[in-house]
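Data block below; observations after.
Numbers restart at 1 for each chain; the letters A, B, ... are given by sequence-line order, proteins then strands. For clarity, every value in this text was computed on a predicted model and none was experimentally measured.
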Amino acid sequence: YGILMNCCCRTRRPELGLAFFGRVLRMGLRTNVVVATTVLQCLCGAKRTDEAVDILLHRMSELGCVPDDFSYNIVLKSLCDDSRSQRALDLLRMWENERGVCSPNVYTYNTVIHGFFKEGEVSKACNLFHEMAQKGVPPNVVTYSLTIDALCKARAMDKAQLFLRQMIHKGVRPNNVTYNVMIHGYCTLGQWKEAGKMFREMTRQGLIPDIVTWTSFMASLCKHGRTKEAAEFFDSMTAKGHKPDLVMYHVLLHGYATEGCFADMINLFNSMATKGTRSVSRCMDLFNSNICTLQNG
DNA sequence: ATAGGGTTAG
């Protein structure tokens, strides 16, 4: 019945899963941590976080199963998504004090750090960043990436750059996400030259820019009144058979709309039905030449 | 079974 619960949860019918779970309990069937955690996922997916907290803290032990790290992390994420990261931190503290079989792991810290950054609680996020390392949970590529992202969004590109160097120094390899947030940060500020540097560093590491790299590049062009260049980039992409996704269309459509290019909008709208491929790896040279053009112009 | 990146509308 765990599988059935999971289905209810994933098909966005949490109430079905919960009703079913209630029946299972009334029938006197035993449950275990995995199934109980699926119930937590159901509740959190239905934005019923408080009930999930209640089950986590009280009902699970009544049912004879001890919450594990997955159970906690799912509820913590839900609290953070509700912009209640401080409540999440309180729960994390309770968990630590229980001194049970498991303790907060890298997922836990990443979840709450991300929550604090999202709420603008920068110092609380930074405190946790330092705390996790002290407690023997080293920050990983996700921790660094979300921290760098927060710095970029605060327009603190120098600090973001320092964190990037620090992670490399500590042996944590940046990935696409890491470089994408850096490139996005520089492009947003119109610092095309710096963005180009990041792009080259990224490819030098053997990383292949993806649809997110291209989309944020195009969006920045549009925001700087250079929709025409974004459109050219887009056209050369599609001409090579790469299939843009919905977000990319939105970006360009919005760019056209802003500049009053309604005929182009209609054309693009009609071409959305055209087929293409998903691969974007061959866009690298395109991006490179675009960046070069921008630097020279 | 859990964590991070791109867009728009209002």
### Query
A/Lys223 side chain N/O closer than 4.0 Å to the phosphate oxygens (OP1, OP2) of B/dT8?
yes
### Task
Could you point out which residue of A/Thr111, A/Asn110, A/Asn105, A/Asp68 forms a side chain to side chain donor-acceptor pair (under 3.5 Å) with A/Asn73?
A/Asn105
### Message
Over all strands shown, is A/Asp81 touching base, sugar-phosphate only, or nothing at heavy-atom distances under 4.0 angstrom?
### Response
nothing
### Task
In whole angstrom, give the distance that lies between atom CE of A/Met202 and atom P of B/dG6.
14 Å
### Sugar-phosphate, base or nothing in reach of A/Thr111, heavy atoms under 4.0 Å
sugar-phosphate
### Message
Please enumerate all residues that pass ring-ring contact (aromatic ring centres under 6.0 Å, His included) together with A/Tyr179, with sequence neighbours excluded.
### Response
none
### Task
In whole angstrom, give the distance that lies between atom NE2 of A/His114 and atom P of B/dG4.
6 Å
### Message
What is the separation between atom NE2 on A/His184 and atom P on B/dG6, rounded to the nearest whole Å?
### Response
6 Å
### Query
Which word best sums up how the rings of A/Tyr72 and A/Trp95 line up, parallel for under 30°, tilted for 30 to 60°, or perpendicular for over 60°?
parallel
### Message
Any N or O donor-acceptor pair under 3.5 Å from the base of B/dT7 to the side chain of A/His250?
### Response
yes
### Query
Has the side chain of A/Asn140 got a donor or acceptor atom sitting under 3.5 Å from an opposite partner on the base of B/dA3?
yes
### Task
Determine: side-chain N/O of A/Lys118 to OP1/OP2 of B/dG4, distance under 4.0 Å, yes or no.
no
### Message
Taking donor-acceptor contacts at under 3.5 Å, does the side chain of A/Asp245 reach the base of B/dG6?
### Response
yes
### Message
Does A/Val141 reach a base, just sugar-phosphate, or nothing at all? Heavy atoms under 4.0 Å.
### Response
base
### Message
Counting the atoms with a prime plus P, OP1 and OP2 as sugar-phosphate, which does A/Lys153 contact under 4.0 Å by heavy atoms, base, sugar-phosphate, or nothing?
### Response
sugar-phosphate
### Query
If we ignore angles and hydrogens, is there a donor and acceptor under 3.5 Å between the side chains of A/Asn140 and A/Thr143?
yes
